Protein chains: 2
Amino acid sequence: MMTCFELLADPGRRSLLDELRKGEQSVGTLAKQLKVNQPAMSKQLKTLREAGLVAVRIDAQRRIYRLNPEGLREVDDWLAPYRAFWEQRLDAMERTLESLED
Amino acid sequence: MMTCFELLADPGRRSLLDELRKGEQSVGTLAKQLKVNQPAMSKQLKTLREAGLVAVRIDAQRRIYRLNPEGLREVDDWLAPYRAFWEQRLDAMERTLESLED
DNA sequence: CTGGAATATGCCTGAAATGGCATATTAATA
DNA sequence: TATTAATATGCCATTTCAGGCATATTCCAG
């Protein structure tokens, strides 16, 4: 199973997740929207499903996929300390501006 | 050149970035800390350098690498809408708790 | 200017992942 | 039950990448 970091490495999978943010959709709809053939779409969905980033619901022959973004928290958590770096630099900039005002 | 998303796919590179959060370090120090051989470390640093995630400073024969986390903003930005999903669920949970208090 | 330390680079190999295509599976419908 | 729609899976070819090793490069010290 791929880690969520590896999953995000592929632009196609990122687009797929972005598309699913609009709401749950069938495999066919997704394939059409993202202009990839059906088997490729099924494979992308499978990798995301195995990692728990998407979930499925069955509707007759259709599989309706929906976003399950909880798994992305791992990425967000990893990123957190770096966010502190940016804010640190922002603070530094603010201090600079303040000193200029004096 | 790799995208920042692809760069984060490799656990070794993530560890390297994490290590650099402690402060700037030479190639040799980094290799020792992360228990990888020197050529491998130089390669990892090169890929990160090409993407602008780290920067170098020359000190005699040594190359001192430091973190340049600005490039990670792209990941953070992409992640932002998903963060909204989590908060949404948090809000829902809070509403549930409030209704329980009534 | 010679030797050694620190780092980078080139080459090769093995592993893994993507894309395309054919085909299997599952479910509805006539 | 035969047919068709929707989806999944298996296989093959191609590519890409990390790892390991040898070696080139750069710089200081003596």
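All values derive from a computational prediction rather than experimental measurement. By convention in this document, chain letters (A, B, ...) are assigned in the order of the sequence lines, proteins followed by strands, and residues within each chain are numbered from 1.
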What parts of residues 32-49 of chain A reach DNA chain C, counting only heavy atoms under 4.0 Å away?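 Of all residues in residues 32-49 of chain A, the ones placing a heavy atom under 4.0 Å from DNA chain C are A:Asn37, A:Pro39, A:Lys43.
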Which residues, if any, of residues 7-23 of chain A bring a heavy atom under 4.0 Å of DNA chain C?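 Output list: A:Arg13.
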C:dA17 P sits how many Å from A:Glu6 CD, rounded?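 Atom CD in A:Glu6 sits about 7 Å away from atom P in C:dA17.
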Roughly, in whole Å, what's the span from CZ in B:Arg57 to C1' in C:dA6?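 For the pair B:Arg57 CZ and C:dA6 C1', the rounded distance is 15 Å.
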Are B:Ile64 and B:Leu67 joined in one hydrophobic group, where the rule is that I, L, V, M, F, W and Y side chains link up if heavy atoms are under 4.5 Å apart?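 No, B:Ile64 does not connect to B:Leu67 through the hydrophobic network.
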If we ignore angles and hydrogens, is there a donor and acceptor under 3.5 Å between the side chains of A:Glu19 and A:Gln25?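 On atom types as modelled, these side chains qualify, holding a pair under 3.5 Å.
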What distance separates B:Leu16 CG from B:Leu7 CG, expressed to the nearest 0.5 Å?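 Taking CG in B:Leu16 and CG in B:Leu7, the distance rounds to 10.5 Å.
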For [X] and [Y], work out which heavy atoms get closest and say how close.
{"X": "B:Trp86", "Y": "A:Pro69", "answer": "NE1-O, 3.0 Å"}
{"X": "B:Arg13", "Y": "B:Glu6", "answer": "NH2-O, 3.2 Å"}
{"X": "B:Tyr82", "Y": "A:Leu17", "answer": "OH-C, 3.1 Å"}

One thing to verify: whether B:Arg73 and B:Asp76 come together as a salt bridge, which I'm taking to mean a side-chain N less than 4.0 angstrom from a carboxylate O.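 No, this pair does not count.
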Pair A:Ser42-A:Gln38, side-chain hydrogen bond (donor to acceptor under 3.5 Å, both in side chains): steps then yes or no: CA-CA 6 Å; A:Ser42 285; A:Gln38 177 265 314; 3.0 Å; yes
For the CD atom on B:Glu74, are there more than 12 heavy atoms of other groups (residues, nucleotides or ligands in this structure) within a distance under 6.0 Å?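 No - once you tally the heavy atoms of other residues, nucleotides and ligands closer than 6.0 Å, there are 12 at most.
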With side chains defined as the heavy atoms from C-beta onward, is the minimum distance between A:Leu45 and A:Val56 less than 4.5 Å?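 Not touching, per the 4.5 Å side-chain cut-off.
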Using the heavy-atom set of chain B and a strict 4.0 Å cut-off, write down the first and last nucleotide of DNA chain D that makes it in, 5' to 3'.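 Under 4.0 Å from chain B, the extent on DNA chain D is D:dA18 to D:dC28.
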